[in-house]
Amino acid sequence: MVPGPGLRGHGARRLLPRLTGRHGAPLPEHALVRPPPSSFAEGLTRAGLGAPDLARALRQHALYAEALRDCGLEVTVLEPDPAFPDSTFVEDTAVLVAGCAIVTRPGAPVRRGETAAMRAALRPFFERFPTIEEPGTLDGGDVCLAGDQAFIGVSERTDPEGARQLASFLAREGLGSALVDIRALGGLLHLKSGLSWLGGRRLLCVEGLLEQPAFRGWDLVPVPPREEYAANCVWLDERVLVADGFPGLAAALRALGFLPLPLDMSEFRKMDGGPSCLSLRF
Ligand code: CIR
């Protein structure tokens with residue numbers, strides 16, 4: 001592996017057909033991650049859980065990247081960027097569908113500068129780079145891709161105009177979109193703070209989302225009470241990366257035939273992040 005400027009790992013355009021998992025959906029083959037920077041504790045948070053410990057966060061991040069590798073993904077590790085304390089939450093900067101990387105315009109102004117480096121990092125892998133434009137705002141954490149359907153959260157970060165722009169880009173790529181307004185659900189920062197796709201027509205979601213009209217006809221798996229933080233997870237066919245310490249959810253996943261891979265997320269939780277926020281997968 002040859003280190004390049006600002007980029008560790010390697011990348012090339014996909015030449016082989018994508019692998020298909022047992023649920024018939026294409027599985028990601030690559031993940032892009034960025035370790036937390038020295039300024040991590042200066043990031044945005046409303047968790048009220050205290051300041052994160054950087055050394056511990058770096059260890060947790062390394063184990064997270066290792067778990068993705070164990071699941072067969074090739075992982076590209078970007079250099080940490082202290083200019084952007086929240087830049088480890090790479091998911092918020094782009095929405096990826098085959099051939100197309102939609103570059104976001106994060107709702108928090110202090111995070112807007114994160115997208116330039118991400119656009120450059122994604123360039124080897126994607127052909128089209130439509131971009132959310134002012135006045136729209138959109139965070140990738142508000143976008144739950146579920147096969148050829150996208151659920152787009154309207155939140156304190158993603159506004160209706162950003163959601164509209166994304167839905168129109170996704171329509172060009174053959175995906176349908178449904179909006180889910182979570183602004184009245186004060187506990188959720190992003191839609192995916194409370195929702196994850198588990199393949200096929202199955203969605204894992206917190207109680208407050210169960211009655212959303214957008215999810216009618218979907219098989220909803222409720223997150224057990226008091227385990228809401230673990231709703232944010234990463235489905236990788238049989239395996240699911242989940243936050244450690246949520247036994248009810250792990251048992252529910254096992255009962256459905258999944259193998260939960262628990263990861264210590266304590267330092268990222270302090271900054272309002274979960275497993276999906278830490279990578280872009282494609
Ligand atoms: C923020 O408030 O933007 C970060 N501290 C946390 C972002 C978490 N990202 C995500 O859920 N996709």
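In each ligand, atom 1 is the first atom listed, and ligand 1 is the first ligand listed. Positions are given from 1 along the sequence.
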Practice problem: Sequence neighbours left out, what passes salt bridge (Lys or Arg N to Asp or Glu O under 4.0 Å) with D219? Give chain and number order. | Solution: R202

Practice problem: Provide the full list of side-chain hydrogen bond (donor to acceptor under 3.5 Å, both in side chains) pairs with a residue in residues 89-101, sequence neighbours left out, each pair given once. | Solution: E91-K192, E91-S276, D92-R111

Practice problem: State, to 0.1 Å, how close L188 and R46 come at their nearest heavy-atom pair, and which atoms those are. | Solution: C-NH2, 3.0 Å

Quiz prompt | Residue list, side chain to side chain donor-acceptor pair (under 3.5 Å) with R69, at least two apart or on another chain | solution = E66

Which atom pairs, nitrogen or oxygen on both sides, join ligand 1 and the protein at under 3.5 angstrom?
from	atom 1	to	atom 2	distance (Å)
ligand 1	2 (O)	R157	NH2	2.9
ligand 1	3 (O)	R111	NH1	2.8
ligand 1	3 (O)	R157	NH1	2.8
ligand 1	5 (N)	L44	O	2.7
ligand 1	5 (N)	D86	OD1	2.8
ligand 1	5 (N)	M271	O	2.8
ligand 1	9 (N)	D92	OD2	2.8
ligand 1	11 (O)	H190	ND1	3.0
ligand 1	12 (N)	E91	OE1	2.8
ligand 1	12 (N)	D92	OD1	2.9
ligand 1	12 (N)	D92	OD2	3.4

Quiz prompt | No-hydrogen, no-angle side-chain donor-acceptor test under 3.5 Å, S155 and R157 | solution = no

Quiz prompt | Cation over ring face, R239 and F258, 6.0 Å, 45° | solution = no

